[in-house]
Amino acid sequence: MKLLLDTANLDDIRYFNTYYPIEGVTTNPTILAREGGDVIALLKSIREIIGDKKELHLQVTETEYDRIIAEAKALYAMLGPNTFIKIPATDVGLKATYTLSKMGIRITVTAVLSATQAMLAANSGASYVAPYISRLENICDDGVGCAADIVKIFSAGGSKTKVLAASFKTAKEVLDVAVIGCHAATVGSDIMKKLLSHTTTATSIADFERDWNAAFGERTLLSMLEG
Ligand code: G3P
């Protein structure tokens with residue numbers, strides 16, 4: 001399952017883009033508001049850090065059809081072809097998804113809270129749908145089950161639309177959507193770190209260092225190899 005980073009924090013994007021196998025960055029208006037400042041400069045910096053080939057998913061803030069189209073085109077023109085325009089799952093959003101995808105601009109239909117919304121988004125030409133896992137789990141609904149239904153519907157119908165699971169509060173939710181076959185997940189910085197860190201890995205590394213140093217002191221394997 002492909003992993004994207006759900007943040008607009010430049011330090012985090014630099015860090016994870018350097019060390020983790022992330023395939024892109026996603027943001028939404030809340031995430032951009034958290035960073036504040038010059039939004040246009042921020043978006044350009046994100047593109048500069050991740051390069052032209054990685055995916056950048058940016059959400060429209062307009063709600064009227066013509067203005068969504070204008071905003072999407074302007075974002076796409078500014079940030080290049082690997083920019084996906086996020087549009088919330090509404091009636092106007094579906095129409096805009098249809099129009100923009102026909103123009104060759106790829107759309108991620110976002111704020112998906114049901115499998116029927118995902119089906120409509122796919123039928124409107126969305127490249128991705130983004131079901132919100134923890135927002136469903138938080139209201140005693142089944143976020144992972146919803147994503148699983150969407151994966152089954154797309155697979156049964158031979159849909160090209162992919163599932164980009166979003167909104168995670170735990171690393172276990174990320175694991176769960178990987179197991180049920182989501183194509184991608186976008187994960188915040190804290191959860192992304194939790195996907196890698198394990199106390200037993202840390203203690204194992206400490207054990208290796210202690211044992212090596214007890215036997216060989218200051219000499220490293222590299223220094224031995226280099227003679
Ligand atoms: O990017 C959208 C999605 O990840 C929202 O997440 O944590 O605000 O529910 P959250």
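The structure presented is a predicted model; accordingly, all values stated were derived computationally and were not measured. All residue numbers in this chain count up from 1 along the given sequence. One-based numbering, in listed order, for ligands and for the atoms of each.
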side-chain hydrogen bond (donor to acceptor under 3.5 Å, both in side chains) with His57: which of Thr186, Thr108, Thr26?
Thr108
Check whether any N or O atom of Tyr132, backbone or side chain, sits under 3.5 Å from an N or O atom of ligand 1, and answer yes or no.
no
Hydrophobic cluster membership, with links at side-chain heavy-atom distances under 4.5 Å among I/L/V/M/F/W/Y: are Val129 and Leu113 in one?
no
Is any N or O atom of Ser167, backbone or side chain, closer than 3.5 Å to an N or O atom of ligand 1?
yes
Less than 3.5 Å between some nitrogen or oxygen of Lys169 and one of ligand 1, yes or no?
yes
With ring centroids as reference points, do Tyr128 and His183 lie under 6.0 angstrom apart?
no
Considering only heavy atoms of Ala166, which atoms of ligand 1 have at least one such atom less than 4.0 Å away?
3 (C), 4 (O)
With a 4.0 Å heavy-atom cut-off (strictly under), which part of Lys86 contacts ligand 1: side chain, backbone, both or neither?
side chain
Looking at ligand 1, would Asp6 count as a contact under a 4.0 Å heavy-atom criterion?
yes
Is there a polar contact between ligand 1 and Arg135, counting only N or O atoms under 3.5 Å apart?
yes
Salt-bridge test for Glu55 and Arg106: reply yes if a basic N is under 4.0 Å from a carboxylate O, no otherwise.
no
Out of curiosity, does Ile31 fall in the hydrophobic cluster containing Phe16 (side-chain heavy atoms, cut-off under 4.5 Å, transitive links)?
no
Are Tyr98 and Ile85 co-members of a hydrophobic cluster defined by side-chain heavy atoms under 4.5 Å apart?
no
Please list, in number order, the atoms of ligand 1 under 4.0 Å from a heavy atom of Asn28.
1 (O), 2 (C), 5 (C)
